[in-house]
*Asks:* 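Encoded as structure tokens, here's the structure I'll be asking about.
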Amino acid sequence: MEKLKYERPVINRIQSGLPDKFGAKFVLEAKTEIEGHLVKDLLAEYGSPVYVLSEIVIRDTYRELLQAFSTRYQKVQMAWSYKTNYLDAVCRIFHQEGSWAEVVSWFEYEKALSNDVDPRNIIFNGPYKTAEELKSAIQKGSLIHVDHFDELYQIIQLSKELPEKARLAIRINMNTGIYPQWERFGFNYENGEAWNAVNRIMNTENVELVGLHTHIGTYIMSVSAYSVAAAKLADLAVRTERKYSHKIRYIDMGGGFATRNTLKGAYLPGTDTCPTFDDYAEAITGALLNSEIKPEDMPLLILETGRALIDDAGYLLGSVVANKRMASGQRGMIINIGVNHLFTSFWYEHTIIPGVPVNDDSEDTQICGPLCMNIDIIRQAVRFPLLQPGDPVVIERIGAYNMTQWLQFITYRPKIVLLGSDGEVYVIRENESLETFKAQESVPDYLKCV
Ligand SMILES: *Cc1c(COP(=O)(O)O)cnc(C)c1O
């Protein structure tokens, strides 16, 4: 008998939109205004699409987080994670609130300096720092978080030639019981690498070990992972004190708190599953207080929270371009917001809301962007009411990473406005135009005649 041909298995999506036991009714509230500013007015005034950030939400979220930690622990310091959103206006709000700067590149370092951050309050993280950058950071007294041994040896070499004492912390990766375990950055705890780095620094002149740092991952929903991490850093601090009578001045727990956005593939919405700031604070401060560190030696607790501090403050407003019926029967809705403007749509099921009042009829809809690219999909399948071309849409919780990881691909980046706590609207970044690109490019003379 002839061998049968292999046929690959196919998984077909069951389209939503069929009636459940309550029927097919589904109501999506429209969002027609943000803090008293009409969505349609913002679009008319500043163009479509437009990014909107709320100063009130940024400050309220910051204060809520700080309060959760400082009611449980004496010494807490925030350091704003520049890569999450490095718009100057945003950084300055955090700095006004008392945040230091946490940077992962020289570009961000320079931005922090230009935002008048005291260089001694800049945490210089990341796996790539050139000799020039390290030298400059040592001279300015910044906190350098060492990522690997080659970097440590380079710093030791540099500090032989410099009068300033380098202020160092080591970044540590570890098993906190979560998967995947981030192991790319820093020195490993379990295999003794981190302790080895501590000993090397403690046996070198003109460098000082001021802190211990970890950043266990991002969007971490398990608060217990943070207590494991804090306990392990505390343990290293205790061993350093025992062996060298040297007190570690700070423990930096990095960022990684989840937000209320829903991850792709998540069963429940992020609004239901996201731990509170109190949950994280309880886990981290509990582990520190329960450690062997003596009360008078308790280190400063630094947090580099990024996405959880700014996601909720950001909105992306845009407009419907067209509706179409796809061959599968599913409705398609094209909007003028693409994945170039919404980088986080690769891992979040973003909440999209009509910007005009709608009726109760909704249908399973694929929402795509305007890019001529098959992957430009904002939502694969979502119950959505019928909007007409030109109608506004609002995408919520987009404040983190979209204004730094955005792509310029085939179009100009739009304006970013800040809704000030004074009720005014401020343009904090202009839209790009052809001139933006002309200014960057040049054409060799022989190509100028056509
Ligand atoms: C990105 C990053 C942060 C911020 O992380 P979130 O997950 O956005 O909170 C903090 N620290 C370091 C070292 C980072 O690389």
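Just so you know, these numbers come straight off a predicted model, no measurement behind them.
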*Asks:* Please name all residues satisfying salt bridge (charged side-chain N to carboxylate O under 4.0 Å, His left out) with Lys31, sequence neighbours left out, ordered by chain then number.
*Replies:* none
*Asks:* List in chain and number order the residues that pass ring pair (Phe, Tyr, Trp, His ring centres under 6.0 Å) with Phe409, two or more places apart in sequence or in another chain; answer none if no residue qualifies.
*Replies:* none
*Asks:* Does any pair with a residue in residues 191-212 pass ring pair (Phe, Tyr, Trp, His ring centres under 6.0 Å), and if so which ones, sequence neighbours excluded?
*Replies:* none
*Asks:* Can you list every pair that meets side chain to side chain donor-acceptor pair (under 3.5 Å) and has a residue in residues 285-302, with sequence neighbours left out?
*Replies:* none
*Asks:* What residues, two or more places apart in sequence or in another chain, satisfy salt bridge (charged side-chain N to carboxylate O under 4.0 Å, His left out) together with Arg200?
*Replies:* none
*Asks:* Which residues pass the salt bridge (charged side-chain N to carboxylate O under 4.0 Å, His left out) test with Asp116, sequence neighbours left out?
*Replies:* Arg92
*Asks:* Is it true that the side chains of Glu208 and His246 contain a donor and an acceptor less than 3.5 Å apart?
*Replies:* no
*Asks:* Under the ring pair (Phe, Tyr, Trp, His ring centres under 6.0 Å) rule, collect the residues that match up with Tyr426, sequence neighbours excluded.
*Replies:* none
*Asks:* What is the ring orientation for Phe149 with Tyr153, classed by angle as parallel under 30°, tilted 30 to 60°, or perpendicular over 60°?
*Replies:* parallel
*Asks:* Looking at Asp312 and Arg397, does any basic side-chain N land under 4.0 Å from a carboxylate oxygen?
*Replies:* yes
*Asks:* Name all residues meeting the ring pair (Phe, Tyr, Trp, His ring centres under 6.0 Å) criterion together with His37; count only those two or more places apart in sequence or in a different chain, and write none if there are none.
*Replies:* none
*Asks:* Distance-only, no hydrogens or angles: does the Arg171 side chain make a donor-acceptor pair with backbone N or O of Phe187 under 3.5 Å?
*Replies:* no
*Asks:* Does His148 have any ring pair (Phe, Tyr, Trp, His ring centres under 6.0 Å) partners at least two apart in sequence or in another chain, and if so, which?
*Replies:* none
*Asks:* Excluding sequence neighbours, so at least two apart, what forms salt bridge (charged side-chain N to carboxylate O under 4.0 Å, His left out) with Lys111?
*Replies:* Asp88
*Asks:* Do Asp311 and Tyr401 have a side chain donor and acceptor closer than 3.5 Å?
*Replies:* no
*Asks:* Using a strict cut-off of less than 4.0 Å between a Lys/Arg side-chain nitrogen and an Asp/Glu carboxylate oxygen, indicate whether Glu108 and Lys83 qualify as a salt bridge.
*Replies:* no
*Asks:* Side-chain donor-acceptor pair under 3.5 Å between Thr404 and Asn85, yes or no?
*Replies:* no
*Asks:* Which pairs, with at least one residue in residues 279-308 and sequence neighbours excluded, count as a ring pair (Phe, Tyr, Trp, His ring centres under 6.0 Å)?
*Replies:* Tyr226-Tyr280, Phe257-Tyr280
*Asks:* Is the Phe107-Tyr82 ring centre distance short of 6.0 angstrom?
*Replies:* no
*Asks:* Scan residues 116-141 for pairs that pass ring pair (Phe, Tyr, Trp, His ring centres under 6.0 Å), counting only residues two or more places apart or in two chains.
*Replies:* Trp106-Phe124, Tyr109-Phe124
